[in-house]
K.L.:
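Encoded as structure tokens, here's the structure I'll be asking about.
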Number of protein chains: 2
Amino acid sequence: MSERVVPEGSRQRRRPTKQGAVLSERLIVDTALRLIAQHGAEALSVRRLGAALGADPTALYRYFRNTDALLLAVADEMIGRAQEGWTATGDWRTDLRAMGVRINSCYRNNPQAAVLAAHRTTGRTHETRAVERILGILRTAGFPDDLAVRIYHAFVDQALAFAAQDAAAAALPSAAREKDEEVWHEVYGRLSPDTHPNIAATFPLLAADMSGSGYPFALELMLAAVEALRPAGAGG
Amino acid sequence: MSERVVPEGSRQRRRPTKQGAVLSERLIVDTALRLIAQHGAEALSVRRLGAALGADPTALYRYFRNTDALLLAVADEMIGRAQEGWTATGDWRTDLRAMGVRINSCYRNNPQAAVLAAHRTTGRTHETRAVERILGILRTAGFPDDLAVRIYHAFVDQALAFAAQDAAAAALPSAAREKDEEVWHEVYGRLSPDTHPNIAATFPLLAADMSGSGYPFALELMLAAVEALRPAGAGG
DNA sequence: GGCCACACGTCAATGGCGTTGACATAAGCC
DNA sequence: GGCTTATGTCAACGCCATTGACGTGTGGCC
């Protein structure tokens, strides 16, 4: 009895499907990402992916043990794409902000995979490099080690937590997402000033602000607070 | 043809199921939370919930239009539990901190449900009350409306995002969680100072700090930054 | 060039899921 | 006590992921 999944490296026989497609791990992952991007997160199912590939749905199980393994591969591909091209400017605030924004948008661009990946510590090269860089930014800016570590922790956790939060919102089935937005206008817009004076007084501002992510402002607040903690006389 | 779902307020005929249970919105939500707490988030399905209630699964559709509506009710119940017994002290910083800590710990106590609930806007009573209270804290502290709204947004998103993040960690199967922590010590503890000087220099501090949640310090940073934004001359 | 093992695409089937429409019956109003 | 109808029940639909068996064409080997 042979194992169902053959590692991509030792794969030798490539046999076209009835519809002529030649499958590979790479092709499947790329197709899954395209499917998500084009038709939303809920469009990703084994059956639909099979159809998009021009193959029997169960052919996927020759490449991934289950859908979880497939999603992990998709997440890994996403991380690889996002890490490309970052360089330090030397200004700690600019660099930290860029890191935060990159992590956030990287996850938000692939919400389905992000939801799965955001809560895990991989210990792989891309991750360790990011840790090293952020710690470097803080220590070079003059923060003593114990403070640098605490700031690193808060910064990274916040970036990942917001990324997961925003990704989860983007990954909701479109019906649920629309309903969430509708709630803001229908429910919050009709609360009485008697019972909810603060909501009633600020409603237009509230509805406008809540449609976006809270991360950019939260990031600025954190940067400002960190600036205030920086030892006097430190360079940069 | 009457509407399938009757609002809980105007419900008058309570008819026991074959197994003798008397259903209500309240009972269903509580049972759902118990089911999730005992058997994990994936144990929550219409069929299993029906079985746990001692009713036909489809009886739920007399109380909730679909599973999404049920989920929102569960989420709102968690928000309500987080606020139980809270009272304002009048000091905005104390009150905001208490709100944040309450949300965080409540969600972490019900990690499986939190993972499902933290990303949704329910528009239900517990949620609107929380929104009203937080806005009240900020406006009473003297923040102008537009700033109060932006701070509210950043604060709430931060609390929920960290709550979901911490809950997800707590909800991992124990084997996977131990493996994640082990990876932290094994991988990060053995990185060479040549390739990862900043990690190597701070590793003991790092390993100690990363074992807890980043939220408390992130919350303090946000409060400090907000304090700096408060208009001069405001009371409190 | 021909043979053979078996990898891999395919098919059928299983058991789960949410949801709907039709039905029966008891609750509560008059 | 009769009527209306809310509410619990049932059967069925069309999805879903996953598995085991099957046969065909590929690539290695001589």
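Small disclaimer: the values here were computed from a predicted structure and weren't measured. Chain A is the first sequence line, chain B the second, and so forth, proteins listed ahead of strands; every chain is numbered from 1.
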K.L.:
So which of residues 64-74 of chain B are in contact with DNA chain C, with a heavy-atom cut-off of under 4.0 Å?
P.N.:
B:Asn66, B:Thr67

K.L.:
So, using side-chain hydrogen bond (donor to acceptor under 3.5 Å, both in side chains) as the criterion, who are the partners of B:Arg150 when residues are at least two apart?
P.N.:
none

K.L.:
Just by modelled atom types, is the B:Glu84 backbone N or O under 3.5 Å from a matching donor or acceptor in the B:Arg102 side chain?
P.N.:
yes

K.L.:
Please, what dot-bracket string fits DNA chain D when only Watson-Crick and G-U pairs with both distances under 3.5 Å count, crossing ones use [ ] and pairs to another strand use |?
P.N.:
||||||||||||||||||||||||||||||

K.L.:
Under the 3.5 angstrom rule, does the side chain of B:Glu127 hit a backbone N or O of B:Asp76 as a donor-acceptor pair?
P.N.:
no

K.L.:
B:Asp145: which residues meet the salt bridge (charged side-chain N to carboxylate O under 4.0 Å, His left out) condition with it, sequence neighbours left out?
P.N.:
B:Arg139

K.L.:
Hey, is the side chain of B:Arg11 pairing donor to acceptor with the base of D:dT7 inside 3.5 Å?
P.N.:
no

K.L.:
Does B:Arg11 count as lying over the ring of B:Tyr63, i.e. NZ or CZ under 6.0 Å from the six-ring centre, within 45 degrees of the axis?
P.N.:
yes

K.L.:
Can you pull out the residues from residues 31-39 of chain B that lie within a 4.0 Å heavy-atom distance of DNA chain D?
P.N.:
none

K.L.:
Using side-chain hydrogen bond (donor to acceptor under 3.5 Å, both in side chains) as the criterion, list what pairs up with A:Thr17, not counting sequence neighbours.
P.N.:
none

K.L.:
Report, one pair per line, the protein and nucleotides 9-12 of chain D atoms (nitrogen or oxygen only) whose separation is under 3.5 Å.
P.N.:
from	atom 1	to	atom 2	distance (Å)
D:dT9	OP1	B:Lys18	N	2.7
D:dT9	OP2	B:Asp56	N	2.8
D:dC10	OP1	B:Lys18	NZ	2.7
D:dC10	N4	B:Thr58	OG1	2.8

K.L.:
All N/O contacts under 3.5 Å from nucleotides 28-30 of chain C to the protein, with atom names and distances to one decimal?
P.N.:
from	atom 1	to	atom 2	distance (Å)
C:dG28	OP1	B:Gln12	O	2.9

K.L.:
With sequence neighbours excluded, what pairs up with A:Tyr107 under the ring pair (Phe, Tyr, Trp, His ring centres under 6.0 Å) test?
P.N.:
none

K.L.:
Restricting to pairs with a member in residues 32-41 of chain B, which pass side-chain hydrogen bond (donor to acceptor under 3.5 Å, both in side chains), not counting sequence neighbours?
P.N.:
none

K.L.:
Toward the 5' end of DNA chain C, which comes first, A:Tyr63 or B:Glu42, by nearest nucleotide?
P.N.:
A:Tyr63

K.L.:
Looking at residues at least two apart in the chain, or sitting in another chain, which of them share a ring pair (Phe, Tyr, Trp, His ring centres under 6.0 Å) with B:Tyr188?
P.N.:
B:Trp184

K.L.:
Around atom CZ of A:Arg14, are there more than 12 heavy atoms of other residues, nucleotides or ligands at under 6.0 Å?
P.N.:
yes

K.L.:
Which of these passes side chain to side chain contact (heavy atoms under 4.5 Å, CB included) with B:Phe155: B:Leu138, B:Leu96, B:Ile137?
P.N.:
B:Leu96

K.L.:
If you check the B:Ser45 side chain, which of D:dT18, C:dC17, D:dG8 turns out closest?
P.N.:
C:dC17

K.L.:
Can you tell me how far CG of A:Leu60 sits from CZ of A:Arg47, rounded to the nearest 0.5 angstrom?
P.N.:
11.5 Å

K.L.:
Can you list the residues that meet the side-chain contact (heavy atoms from CB on, under 4.5 Å) rule with B:Arg133, with sequence neighbours excluded?
P.N.:
B:Gln83, B:Trp86, B:Met99, B:Arg129

